Structure formats: C-alpha cells, structure tokens
Amino acid sequence: MARPANSPSRDPLQPQRLSNGGLVDRSRTIEFTFDGRTYKGHPGDTVASALLANGIVLAGRSFKYHRPRGIISAGSEEPNALLELRTGARREPNTKATVAELFDGLEATSQNRWPSLDFDVMSVNSLLSPIFVAGFYYKTFMWPAKFWEKLYEPAIRRAAGLGRAADVADPDLYEKVTAHTDVLVIGGGPAGLMAALAAARSGKRVVIVDEQAALGGRAIDDAATIDGRPARDWVRAAEEELAARPDVTILRRTAVFGTYDGGTYAAIERVADHLPQPKDHHPRQRLWRIVAKRAVLASGATERPIVFGDNDRPGVMLAGAVRSYINRYGVVPGDNVVVFTNNDYGATTVTDLIRSGANVVALVDSRPKPSETVSRIASATGIKLLNGAVVTRAFGKKRVSGVTVRTQTGAEVKLLCDLVAVSGGWNPNIQLTTHLGGKPAWNDRLQCFLPGALPPSMSLGGSVAGDFSLHKALSGGAAAGASAVALEGAKPITIVVPQAADESDAITPLWRVEDHAGKAFVDFQNDVSDKDIELAEREGFRAVEHLKRYTTLGMATDQGRTANVNALAIMAEITSRTIPQTGITIARPPYVPVALGALAGHHRGKSFKPTRLPPSYKWAKEQGGVCVETGLWLRPSYFPRKGEKDWLDTAKREVNTVRSAVGICDVSTLGKVDVQGTDAGIFLDRIYMNNLKSLPIGKARYGGMLREDGVLFDDGTIARFGDHHYFITTTTANAVRALQHMEYCSQWLWPELDVQIISATEQWAQYAVAGPKSRELLQKIVDPAFDISDAGFPYLQVGEITVCGGIKARLFRLSFSGERAYEIGVPARYGDALMRKLWEAGREFGACAYGTEALGVMRIEKGHISGPELNGNTTPHDVGLGGMVSKTKDFIGRVLGARPGMLDPNRPSLVGFRPVDRSARLRSGAHFIAQGVEATAENDDGYMTSVAYSPSNGHWIGLGFLKHGPSRIGEIVRAYDPVRGGDTLVEVVKPVFVDQEGVRVRG
Amino acid sequence: MADSTLQPTSAFSHLEPTSLPGIAIEPRENFTMASFAAGKGRLEALAAAIREAYGVELPRRPQRVVGNGIVFVWLGPDQWLAIAERTNNRDLEVELKQRVAGLASVVDQSDGRVIVRVSGPLAREVLAKGVPIDLHADTFGVNAVAITHASHIGVIMWQVDAAPTFELAMFRSYADSFAHWLLEAVASTVPAAA
Amino acid sequence: MASEHYSIFSVLREALRGHKGWQPQWRDAAPQKDYDVVIVGGGGHGLATAFYLAKVYGIKRIAVVEKGWIGGGNVGRNTTIVRSNYLLPGNIPFYEMSLKMWEQLEQELNYNAMVSQRGVLNLYHSDAQRDAFARRGNSMRLHGVDAELLDQQAVRKMVPFLNYENGRFPIHGGLLQRRGGTVRHDAVAWGYARAADQLGVDIIQNCEVRGFRIEDDKVVGVETTRGFIGAKKVGLAVAGSSSRVAAMAGLRLPIESHVLQAFVTEAIKPFIDCVVTFGAGHFYISQSDKGGLVFGGDLDGYNSYAQRGNLPVVEDVCEGGMALMPRIGRVRLLRHWGGIMDMSMDGSPIIDRTPVPGLYLNAGWCYGGFKATPASGLCFAHLLASDTTHKTAAAYRLDRFATGHAIDEKGMGPQPNLH
Amino acid sequence: MRIACPYCGERSLDEYLYSGDATVRRPDFASPTAQADFVKYVYERKNSPGQHRELWYHAAGCHAWLVVTRDVSTHIITAVEPAKDVALGTASSMKDTA
C-alpha cells in the first residue's frame, strides 16, 4: 500500500523515519547490524525504534511454536523482540530491543530460529500445536522410564531457552553502591518529576530514578503540552532545576527492581550498555542499594493488548508504543493503520498517526457508542469509526496485512493494513508495592489493579495510582512529594501544579474477542493462548497460581506484564467469577531482569572473598613456600626445596628437621583473645569444660570449649598473665565464632560479671619454634635479661619478654608437635622481620621453616585433635578428653553433655591406626569395618579423620573414631574407602605415635 | 625501638600514597594504638581519669575526640580506641595502663589494625562503593565514627575533617584486599585514574 | 473422580477434539462429616501421605485439608533437586528410599513429573573438604547408594565452564551422585493429588484448620473454616507452619521458621547438564528443561513467616554464582522468592507421634523437604496406619533432643539458621 | 531489613547475626530437673507468627548482643535493646513494665 499523499517528509535511508520530531539526534547517523545486515539509526534510538525506522517489525520467534513475532511495545514489558546483543564474551541473550539503546557498530541477532529468522525450520512446531498444549508433557513421555534422560529430555532441552549465554567469562566490571536519601522517587515521568520537585524544593535529599535514557515518561511518549508548551520543554526545565540542587541525584537508565524490608530498594543502572563497551576501569552496570526514608512510586502503567485471533502477527502493536515511536523517536511504525481500542486513551493514537502522515484505515472501538473523546477525534480527523466493533483476527504471516473486523451488526469486514495499534487499557505498574506482600486491589471503574496496602513509607503518584490523565499525574505527583517530605518533618511547601489536559480515562472492559478464529495469545513469549487457559480451567487449575504454573503464563522474561491481568480476566470470564474473586497476581522481584554480574559486583574471581595474609606471607613466598586457602587466610603449607619431588617429600623433611633440630612455623592465624576483669577467672571457668581456677600466673593450660548441647566446639590454650588478665587462643577456623560466643556469654548470660573481652588476633605475629634446638635458637633472639632455660622457663610457662633489643614480645612454652617448643609473639609489624631473624639465627642449627602440612603430621603423630576431629558432632568423651570434664562446676554444655546419647558407650571414639602392610597409604574419610564381616551400613564402625605419613615411624598413621575404640587396641580392621578404591587393613593403636611418655616436650 | 635489630614492615604490598584529581589515598601504619574497656562499674571513674589526663570527655556514642595528641575513638559500648603518632617510641598501651589502672582493661592494638586515609571531594562517592552507611555531611560529619564493613572487610572509620578526610581502620591481614578494592573503586570514579 | 489414563494416545485423541474431553485432574471435594485419617496440609508431603495411605495401607476414608490451593507451599517453591548424598546413618537410608521412589514415581502415578537423573555434583576446594566428602561418599556406598569422588580433571570434563583458573577457592574435585537430579516440582503435587483422588481421597482446598478437637485427651477431629471434620487420626504435614499448627494442640516443637530464597534466570540455551554445588560459597545451581538457571544459597538467617527474603542474601548467592561460573555474568535474574523453612534444631526432620494421642507429626524438613516427598509420604502413612515407626524413618523421633541423639549433618548444633 | 543498633544506629541486615529466642533463660544446672529444663531451653521454641523477642549480634559493628522485638510475619521491628540491659533488667522496656 502506498503512503498517503501530503505526508510529512521522511528520511530516504530510513523509510519510516520522520524528518522531524522525537528526541533522536538526527545530526549523527550510526550503523548497526541485525542478523548480519547493516542498518542506520540515530543516537537516542533504541534498537527497536531503529529497526522500525528501517521498516522492520519481525524481530524474533516465539518460544514454543516458533511463530514469527514483532516488536509490540516500547519498553521493558516487551515479550517478543528479544535479541542477542554483541558477540563473543560480551554476548548477551534475551535483550529487549525496546530497551537496548543503539550505538555505533551494535550487532544484534535474532534468537530461537534456524537457519534464519525468515525461514525457521522449527516453525513446524506450530503445526504440532494441537498436541503441544499446556501441560501436555505431564501426560506423556513416561514410558519407558529410562527414556526420559536418554531421549525425551535431551530433545526438550535442545528446544529450550531463547538466547545463548556467552561461552567464556564476562569481561566487564560491575559495582555496587549504597545510597541514602530522604525521598526516593521511582519514575521520572510527569508524576515523578513533580514529586521530586516538591521534595527537593523543601530541601530534602532526593534520588529520582528512571528506566529510560531520558526523563519524561509518557509526557514525551504522548504529544502532550504542559503550561501550553510541548511537554518536553517542561521536562527539560524540571530536570535542570533538579540537577542544579546538590542534594538531588538523578539516575537515568536505572530501574528500581525490588522493594526490600526497612526502606531498602534495589536498582540497576545500565552504565555502559549504550556504549560499544564500558570505558576503561568503569563498570558495565551498577547495582544501587537505596536506603530511603520515604519513597514515591511513580512507576506509570503498562498497556495491555486485547486477545484476538492471531494477535501475535508482527505489526500488531500496543497503541501507546505506536505513540512512543512517533513522539519519542520520530518513527512511524506503519503506513496503514487500524486502531483497535476499548478506551479513550487508545483512541488518541489516531491523532498522532494522522499528524505523522500515516493512513488510519479505521478506528475500531469495542464500545457500542462513541465517547465524547472518540467523537471529537473522529470529527477532527475524518477517519472511519467503527463502534461496537472488534478485530477478530489478524492476517498476514511475517507482517500483518490486514484484519477481520466484526461490526456492531455482526458483519465481518476485512481491512487491509500493515499496523494494528491495540489498546486494552492500562495496568498500573504496581509490582514494587507487592514485593513486601501488599495485595493489589481491583478498581472497577478503571478496570485495573491498583496498589493495595503499601510498603511502609511508600506513597504513590501518577498512573500507578490510577491517575491516568496528565493533569492528574502532575497534581498527584506533587501531592505525593509534598506528603513524603511532610512525613519527614519538612515544612509543607506549596507547589504550583502546571496546566495540562485532564484526558478521559473512560474504558469498557474487553479482554478477549469471542468467537475468534486462529490462535489468540495471552502470553506471547511463552505461547500461552486463551485455549490453554480454557484447558487449565477444564483440568481444575483455576487458582491463579495453578494457572500460571500449569500453563507457564507470566513466567517469561517479560514477567507477564502484558499477560497476567488478561489471563486472570479470561479465567474470570470462563468461570463466571469476578476478577477479584478469581485472584490476584503477586509479583516477585526483580521488576526487570537483572544481570547476575551486577548482583555480584566486585566479588568475583579472586575478589569473591577478601584474602587474609599472615605476617610471614611475603617471606614465605620468597622462600618458595606453597600457600593454601585456610578459611580466608592464605597459609604456607610447605616449603619445597630442590630435589624434593612432591609435597610429601617436603613435609617429611620438615618433620624430620623439627624432630631432630628445629623448625619455625607461622601460627599467627590462631584466634587470640585478651580476657581481663576481676571476674575473668570465673568467666573462663564457665565457658571451658575443664578447671581453670587453679591456673597460676605465668602458666598456660589446654582448654576445651563446648556448645550448650555438649558438643566440643573449640579448643586452645589459656595463659594467665596477671591476677585479672588471661590471654586465650582459639583455633583458626573458630576464631570469629569463639569470640562471638564469649561476647554472648559476657553480655547476655552473665552480664553481672566484670570481664572485658578484646580480640588481639592480629596484634601479634606468632611463630612456633619447635624442636630439640628451639631453645638454643630462641636464645639468640630473646634479650639476655630473660631466662628461658628449661628450669627458668619450663613447659607451659608463659611470659612477657623482649626480643632483638627491646621489642616487646610474649613467649609461651607450648607444643603442638610434641617437641620442646615455644610460641613467640611480637607486634605484627615486626612479624616479617622476626621471621627473617629467626631464619638467620636458625641457620647454624639447621632450622627449617615448616607449613601446615608438617604441622598436621606432627599433631597427628602426637594424637592432638584438630578440625577433622572437631567436626561439630563430637563430645569430649569421643576425643578422649572425657577425663578433663569438670564435675564440680557449671559450665556451658555440662548438662546436655550428660544426656544418654552423648555418653553412649557405642559412640565411636578416638584411637590411632597404622597399616598392617607398613607400605600402605592411609586416607581420611575411610570407614572402619571389622574383619570378616560384610561392608554394609550395619557394620560401619566409624571413620578415619586424619592421616599423615609419619617420618618418625616410617609409615602412614591415622586418627579416627571407632566404636569401642579404646578397647580394641591391637585389633586389625579394614579401612574401607570405596570412593577411592581403597580397602586397607589397619591395626588399632593408641592415638600417640611418637614419644608416648611425653618427655621430649619438657626438653 | 632505636636499638632494635627488627625493622617494622608495611602490611600493604601495593598501596602507595596517591593523589588524583578529587581524591587522595594514604596508608598509615606508624602509630601507637590501644583499646581500653571500662571495668564493671568503673565507667565514670574512667571518664574522669581520661578527662584529667587528656582534657577530653570520652565519647559515649560513635564519635571521636582529640586530646593531648591522642585521638579517642568510640569502639562500642564502654570501649575506646586511643591512637597517637608513634613519635619518641610512644606506647599508648603502657601510657594508658598507668593512667587508668584498675578502671579499664587496656590492650595494645598498634599492630592489629592498619589505617587508610581517604580524602577529597570524591571520597564519599568512592567509599559509597563499599561502605554501606550514610556518609552525607549532615549525617556523618567531622568526628563521626562508624564500625561497619567495606567490601566484605570489617572497618572502623571516622571523619577527620571537612575536606572530607576519612580514615578507615581494618585488621592488618586484610590490608591488601582492602587496597585492591579501594583502587578499583577509585579507578571507576576518577576520570583520570585509568 | 478422574480416571482417564494419561499417555501419548490420550493426548493425540484429545488433540483431535480440541482437548475438550479432559477432566479435572482432581475433584474439588467438599468436606464430609468424618474420616479415618485427616491430613492437614495439601503440599507434597500431605498429598503423598494420603496417596500411600490409600494405596499401600488400604485406608479408605482419607481427607487432605489445605488452607489455600494444593501445592502452594514449599513443593511449589524450591530448587527441584533430588538426591540422597547424605552423611549420617539416620538420614541416608531414608533419602535413598525416597530417591528410589522418585525413580518409579511417574509410572506409579501415571503423571510425568520429569524426574531427571542428571547427577548432583558437590565441589570440594581443599584437602580437608575432599576427605569430608570421601567420608560421606563412603558412607553412602556402605548404604548401597551411588557415590563417586571425582578429581579436578573429571570435574572439568563434566562441567568445563567453571572457574578453574582464577577462583578464590580453587576447585579440586567433587563428590558426584549420578542418580541425583531434578524433578518438575509442581507436577509432584498435582500427580499425587490426581492419583490420590483416583483412590478416593478427598482433597479439600480453601479449608483452613483453626484448631483440634480433643476429647478424653485424644484428638477426634479438626475445626476448620469449613466446619468441624471428625477424624480417628490427624496427621500434620504443614512444614513452614508446623509450630503454628502444633501450638493449637498445645505443643511446642524443636523448630524455628526461617526463610530460604530461590532464584531463576531468564531461559537460555541449556549448558548446565547437572546440579552443581559450590563448596566454598553458598550457591547451588541447575538448569531447567525450559532453560532457566535455577539456583539458591544460604538461608536468610532469621526467623520469618514472610515469604520473602532480603537483598544481602540475594547478593551473597549471586556472588557465589559469579565466583563459580563467570560466564553467567550477563545472564539475568528473572525472579527470586522466599519460602518458609521448618528448620529443626539439628537440621533433620521429625516423623513421629506427638504426646497427644491421635495426632501425628511430619515436620522439620528444613530445606530438604522436596527430595523427601515420596519417602516422607510413605513413612508417615506407615506411622498413621500402623502406629509404628517405619524402620527407614526410625531416627526421626521427636524425643531425640531430650535423649541426645540429634542428627546433625552439618555439625552446627542447636542453631537452626546455621543448618 | 534494617536494624537500629542502640549504639551504632540503623544498619543493614548483613551487619547482624540472628541467634534465636530471647525469651528463654539458661536454667540452673543444679536443679533436679536440670536436664529436662536445658532440653526445653536449648531446643523447644514457641515460634509463632507475629511478634518475637529475639537475640541478634551486631557482628560487623560494635559486637553488641541485642534483643530485637520484631514481627516475624512483617519483618517490622518495634524495639532494639542491648541484651546486657535486658539481662540485667535495666533496659528501658523493662523499666516501663516494672
């Protein structure tokens, strides 16, 4: 069809682009490709507006039936025009063409079609659509059972999904920002701008957020005037005023996607999506956590389609979107247009179309009588008006070529057209009001859901509140802004609401056209038709949640924004109930889909969690130490030397060196807590299972800490430095939890005690110096004033000393290795230097540095428990410390630790193991099975917790929990390890493998 | 320790004092710092002792005060951090133990935490990328203190002046991770930082 | 009651007549005066219990009363994972029985719930974690359950797109249960409902229990919004609301209600063919047959009856996801929601009699309830029918806390939010 | 969710750890019914919808243990008191009811 005469001029290179109008920058032309072909557009375009400018409507294929689909909307509610944007690592599936901004060189590809958008083999699915109805797969593919994984499911999965995720890591950066504000205004349309102005003028902090690149909302989507001038001039002035205020933040390209408790809102800013790639070091997107005392929701409304036959044909478009393309982008999406509406607002599209030179074939208004607005439009434009008429079916395949209209008399007429502008009314964008459980309320006059109970501190402005006219939006926004600041204690200010039209919001509901031919889609993306809803109803899925789940309605990337209310209305119609009786749909966050990268921000790759470095880290790396993750810490695990073939080789050498000479190990990661106060002793007695009252000043003692349920939770040493001054260590793994537990006890359980608990973990760089020559080595470090001879500083002695010429230090005669050993602590800034000093001083003694591997070997050789034994299920009795448990005092875990199940003699308890074949390797995680019985669950006697190759013994050794363990010393059992193919005979031994008498530790 | 053979080393392996348009960053380690917590029932006596020795009132809410070269930072209920330049081997643990003996538990923290100073008109914008609290001048302000976290790392922070200058103290072992985040946040904020 | 048999033939037959002949999948029953057994809770467990009561134990007069619509609770809000890769002897046989029942479920119910045994892979990131997984895997094998310990190379082969090079916590390997997988969660509720309905079970929707009628210290029925319904025995299967409902009978349970969030992304072409759990962060993921990535993480951490979570956990979970799978950075989160978890004090469930005669409890499922559905239904039915504990659920006693026999898989102690 | 620490001010959920019911008190270990008492104390919970008094720990803040009065059905918080004051009976809410 030809374009009508007297049309406004067009751009010869973009056939549907008007020469004037809209916000696009015609001074620059940029090129982009769609499915490999090059097109032109302008800055300010979305991909959708640029495609439309080039006469392209067909943008994708539907999910299930692969039906050709066109651009239907001009916003984030778009169900059809989903593209893959960019290529390679930046490939981005399912991007809405209606949201994506055009940039020079943009590459867009259609999805879910093969080999091409134009010719898609999978469109045969459409022929099978009588079978592929809602829920058909629940009834089939059941036999034979194993075919599901092998045959049916792979076939289904091949057809699944729309776009393809990139194959490699996302190269872009993301960041998160927290913002605090008095008033958050969600939406930068006329209501939002008024609210922001009202709040800002009263001096409050304001953040105003809009999803689009330009503020203005429907004021610039429609050809509106404010105060007698084009609305865009007023928008610009409002924007300038806001931008000039220091306490106003304007966030464009930003969508608030979630309402969370406590006035927290999450928003996503598309920082660089409109650029070929982000600027160096700058993020692609930014997650905003906005903490707002008050929020004004001015999120507008989304137009809904009317359900009629083949209403998914490309070229059937929402009427409001048609106006957006004309007024915001200067694009006429079609030349011969049928406008189909059930409301006055939709009818106004006629005016915009005529003004931009399109031929309006007819205005089809389902209402029997012309409203005042419609009559005015019809007489002003002279178009054909069909009242009481409905479009029953669209025809055409890849583009609509006409419609069948059933007139008021029931006659069917065919109208030729290339665009159908449809308006079924508007659904306020109430999603953010429902995230905290608020239930929407049906409004009969406006035929839509309005927000019900609002989240605390939220108010509404504009069409989200049902104020659809521009006048009402402006005044509603102003009132919402003013009330928000008033509630925040600001002086009420009077704000003059600018003049604008108070258009009619009259509507008569029409959800779907009865007796239509063809398929009538409700949810376009998921191919849910009105027939599917009927089927669901027939099968008993009448509840909204059932309907959604059974048909997948509303589950697609458009979140059902154009579908849900229509579906509900159709279900109501079928079941002869009202819409509110039928149910409501509650939206879950996010309001718009959000890239996972943005929700992760900085915290990915190596930055997933912070890394803690111990004081000797730098030195250890210089020495070639291999470091290993221990919680957040990176700890040296072994220090390989030339000629050593693996970690085991190295660990053996390190152990041998410690046992024969001396070794140095960084143990700074242990939790260290300073406990002071006149009741410190009483306090410690209550949190440890053993008696500490008798601990003399200058001494240390081992202590075990239980949970209240009697399970052994942590262990460490308690050193006493003064009458009211203790210094305790916890395991590395439990440092944080143990401190928390102690604070719980001191603040909540026994606040009457005078005790102060202060973490000192990081104050001290602490090194274990272990081995027969440890004292000699230390002698070279410790200032001569201090006697550290075995007599002067015996086992379990502690003292405050100085080292290296006056550096304050703490010395502890403790041993995890079983050798004569010390732990020496200096202020952490000297940690690196002390390590170097110890190393230098140790040379003459043949000292080595050792890491967590050798540390582990030696503690296993000594039978000391550690993480694998402290697994959260073991009691003091299980680990052989039952004798330490005090019977005389109250302490955490005392009472419940005495429950029968906790003292059951059948509980596996700690013993040692060595392989019968001394060359055999042991592995922890193996289970113990007595000889001569089957390896079954009934015969499972326990499990190996820790193993090591013991250089001192020349074979592997292990610790583990064995039923009746201590009474089975000498027995041979199987260490059964089927997941690693192991089945090793082991002898049960005492859990001490070196120096059973414990003489070496005393020197 | 002038005559010691041990030299202190920095916990930061890649953070140098940096000055860019709108923002300056400076790691600080050469200070003496001690925490002290009031003994039960000794709060007023402790406050009096501090008043007498340093001429300041111990803050009872998240604030800092400066007296006699010492910055007193609120650290939680009945707890404070005292920080001073480490000149002439000043050792606040030793000094405070004398001043508040019997009134408070004093613990040396000079090495437990390092401090990063962030200063300049862009400081708030940069910090907001990791620090979740409201740093607006009307809310936080000079001498305000907060114990919170930045990019998953616990920090104690306070505002020194209206430049604005902030100082953030974190456990020593986190120094490099913190610096890594901070430099990334600076780079994404300051146009010239690339 | 609907009796048609589902098959490709019935679908084809209906296709020819515009699908006009399908019957409701279950009747919307009205309450009768009394029943032999009333199950409170029309979720997966309640419906399964009713089905097995009728099918296996031959109980005739059974009602399931549901305050809203069936399947609207946690059976409709989970990450659809089924597995039996447990550590402790109290748990393994139960979850294994459940997995075996999943393997037969669709044929038994004549309903395709898309049980997909695509494998569940738990990653390990340290030697200690490997050994803990070995202990678990061996425990499973001793119980006759499949388990394989994979090294890094084998994991790479299976899921090549993880962050092997630049991870904060390197991936050393994984514990794989090939028989684990996913099930189309809603279909489970519908399938059980339809099958139970065919056996004569009354499924009574929009019927809220407001109290128990107790005579001579024994439960004789339930007071509901649709009147009194008499019952010889009443079984509670209302996970999420167990404490609230049990309180009507004067009981206080070792349970707290917590919120767990779940997440789904836009549909993308499938590339994740198994369930993967991150061992160094709170993150687990699979990809649905529609193409959405379905994932979850840790509990929000606080007691809650609101079906929603908060932003910090959303971020935490996505951080875990990006740390593990950096290629999903541009994939978009489509929806996240929260379910109420019946968090027991040791992280394991309760299937037992209560101190009130005639009242039986099925509760404390934490976030393991979905995978337990078939076995839970069977064991609860067994208990209701015979008054004896099913041997597979013998450890799930209510008095285990008093006797010191907690079943604490995670070793976190009596802190429900840490399980 | 945001909790107003009485010391630090309002902070986001991620600074806090929830730690259970604040209405139960640790029983006397020497009582003849101690074991049953401790079982109740450690394991049994009222766990009703509506208002709870619960313990929270300001882990990433001042390390104070707090008693938070919160509606678990709406997440709305109506009071936050230092646990120490509640335990000692010196919290403002305790005074009000005394």
Side-chain angles (χ1 to χ4, degrees), chain A residues 92-94 130-131 133 136-142 149 153 156-157 160-166 168-170 260-261 266 535 538-540 543 545 549 557 588 593-597 599-600 603-606 608-609 629 707 709 871-873 899-902 924-925 927 937 940 943 978-979, chain C residues 6 8 11 15 19 22 24-26 69 72 89 106-107 111-112 116-117 131 134-135 137-138 141-143 147 149 166 168-169 186-187 266-270 289-291 310-311 314-315 318-319 321-323 326-337 403-405 408 411-414:
Chain A
E92 204 180 302
N94 304 341
I131 299 169
V133 293
F136 80 98
Y137 30 73
Y138 300 127
K139 298 171 181 138
T140 56
F141 304 138
M142 279 174 275
E149 285 85 356
E153 188 174 48
I156 289 173
R157 285 175 85 80
L162 287 167
R164 301 162 302 156
V168 292
D170 186 347
Y260 298 92
D261 290 311
L535 175 62
R538 201 170 295 136
E539 295 197 87
E545 280 300 316
R549 288 154 188 266
T557 62
R588 308 278 171 209
V594 179
L596 298 179
L599 290 161
H603 303 289
R604 51 188 282 203
K606 293 281 187 203
F608 169 49
K609 299 282 181 201
E629 296 75 17
R707 297 191 308 232
D709 67 349
N871 61 21
N873 271 305
R899 286 172 295 170
M902 305 297 278
S924 55
H927 284 241
D940 183 358
Y943 54 97
V979 293
Chain C
Y6 286 164
I8 184 66
V11 171
H19 297 276
W22 295 113
Q25 297 198 354
W26 62 89
W69 303 92
E106 295 158 309
Q107 291 70 33
Y111 207 90
N112 187 354
S116 172
Q117 294 182 282
D131 292 343
R135 179 189 162 201
N138 286 331
R141 293 279 281 268
L142 283 168
H143 282 85
L149 195 67
N166 186 36
R168 170 71 180 79
F169 300 99
D186 292 319
E266 297 180 349
I268 48 174
K269 291 294 174 194
D289 285 345
K290 273 198 73 194
N310 269 297
L311 196 53
V314 178
E315 294 180 43
C318 293
E319 287 169 13
M322 279 300 282
R327 70 178 280 191
I328 61 175
R330 302 172 102 85
V331 176
R332 297 182 198 89
L333 175 69
L334 184 59
R335 200 160 53 248
H336 72 92
W337 64 95
T403 61
H405 292 93
D408 188 351
M412 297 312 287

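Chain letters run A, B, ... following the sequence lines, proteins first and then strands; every chain starts at 1. Nothing here was measured: the structure is a model prediction, and the numbers come from that model.
- If you tally non-hydrogen atom pairs under 4.5 Å between each of A/Pro130, A/Pro593, A/Ala169 and chain C, the highest count goes to A/Pro593.
- A distance-only check finds no donor-acceptor pair linking the side chain of C/Lys290 to the backbone of A/Ala160 [under 3.5 Å].
- In terms of heavy-atom pairs under 4.5 Å with chain A, the best-connected choice from C/Asn138, C/Leu333, C/Leu311 is C/Asn138.
- Only the side chain of C/Val11 comes within less than 4.5 Å of a heavy atom of chain A; its backbone N, CA, C and O stay farther away.
- Among the candidates A/Gly872, A/Gly163, A/Ala543, A/Pro978, the residue making the largest number of heavy-atom pairs closer than 4.5 Å to chain C is A/Pro978.
- A donor-acceptor pair under 3.5 Å is absent between the side-chain atoms of C/Asp408 and the main chain of A/Asn873, judged by distance alone.
- Ranked by non-hydrogen atom pairs under 4.5 Å with chain A, the options C/His336, C/Gln117, C/His405, C/Met412 are led by C/His336.
- Of the listed residues (A/Met902, A/Arg899, A/Arg164, A/Glu545), the greatest number of heavy-atom pairs within a distance under 4.5 Å of chain C belongs to A/Arg899.
- Between the side chain of C/Arg332 and the backbone N or O of A/Pro93, at least one donor-acceptor pair lies under 3.5 Å.
- Most heavy-atom pairs under 4.5 Å with chain C: of the set A/Arg549, A/Glu92, A/His603, this distinction falls to A/Arg549.
- Between A/Asn94 atom CG and C/Glu266 atom CD the span is 4.5 Å, to the nearest 0.5 Å.
- In summary, the aromatic rings of C/Trp22 and A/Phe136 are positioned with their centroids too far apart to meet the 6.0 Å limit.
- By number of non-hydrogen pairs under 4.5 angstrom with chain C, the leading residue of A/Ile156, A/Val168, A/Asn871 is A/Val168.
- The residue among C/Asp131, C/Asn310, C/Leu334 with the most heavy atom pairs within less than 4.5 Å of chain A is C/Leu334.
- For A/Arg707, the part sitting under 4.5 Å from any heavy atom of chain C is the side chain, from C-beta outward, and nothing else.
- Only the side chain of A/Tyr943 comes within contact range of chain C, with at least one heavy atom under 4.5 Å from a heavy atom of that chain.
- The contact between C/Asp186 and chain A is made entirely by side chain atoms (from C-beta outward), counting heavy-atom distances below 4.5 Å.
- If you tally non-hydrogen atom pairs under 4.5 Å between each of A/Thr557, A/Thr140, A/Asp709, A/Val594 and chain C, the highest count goes to A/Val594.
- With chain A as partner, the option from C/Ala187, C/Ala267, C/Ala323 having the largest number of non-hydrogen pairs under 4.5 angstrom is C/Ala267.
- Taking the ring centre of A/Phe608 as origin, the terminal cationic atom of C/Arg168 falls outside the region bounded by 6.0 Å and 45° from the ring axis.
- Contacts between C/Arg141 and chain A at a heavy-atom distance below 4.5 Å involve the side chain alone, from C-beta outward.
- Put simply, of C/Leu149, C/Ile328, C/Val314, C/Ile268, the one with the most heavy-atom pairs under 4.5 Å next to chain A is C/Ile268.
- Annotation for C/Met322 and A/Ala600: closest pair CG-CB, 3.4 Å, computed over non-hydrogen atoms.
- Side-chain contact between A/Lys606 and C/Asn166 is present, with at least one heavy-atom pair separated by less than 4.5 Å.
- Of all heavy-atom pairs spanning A/Tyr260 and A/Ala266, the tightest one is CE1-CB, 3.7 Å.
- The existence of a salt bridge linking A/Lys609 and A/Glu629 is excluded, since no basic side-chain nitrogen approaches an acidic carboxylate oxygen closer than 4.0 Å.
- The most heavy-atom pairs under 4.5 Å with chain A, out of C/Arg135, C/His143, C/Arg330, C/Arg335, come from C/Arg330.
- A distance of 7.5 Å separates CE of A/Met142 from CD of C/Glu106, quoted to the nearest 0.5 Å.
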Chi angles and distances behind the side-chain hydrogen bond (donor to acceptor under 3.5 Å, both in side chains) call for C/Gln25, A/Tyr138: CA-CA 11 Å; C/Gln25 297 198 354; A/Tyr138 300 127; over 6 Å; no
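- Residue C/Pro414 touches chain A through both its backbone and its side chain, counting heavy-atom pairs closer than 4.5 Å.
- In this structure, chain C has heavy atoms under 4.5 Å from both the backbone and the side chain of A/Leu162.
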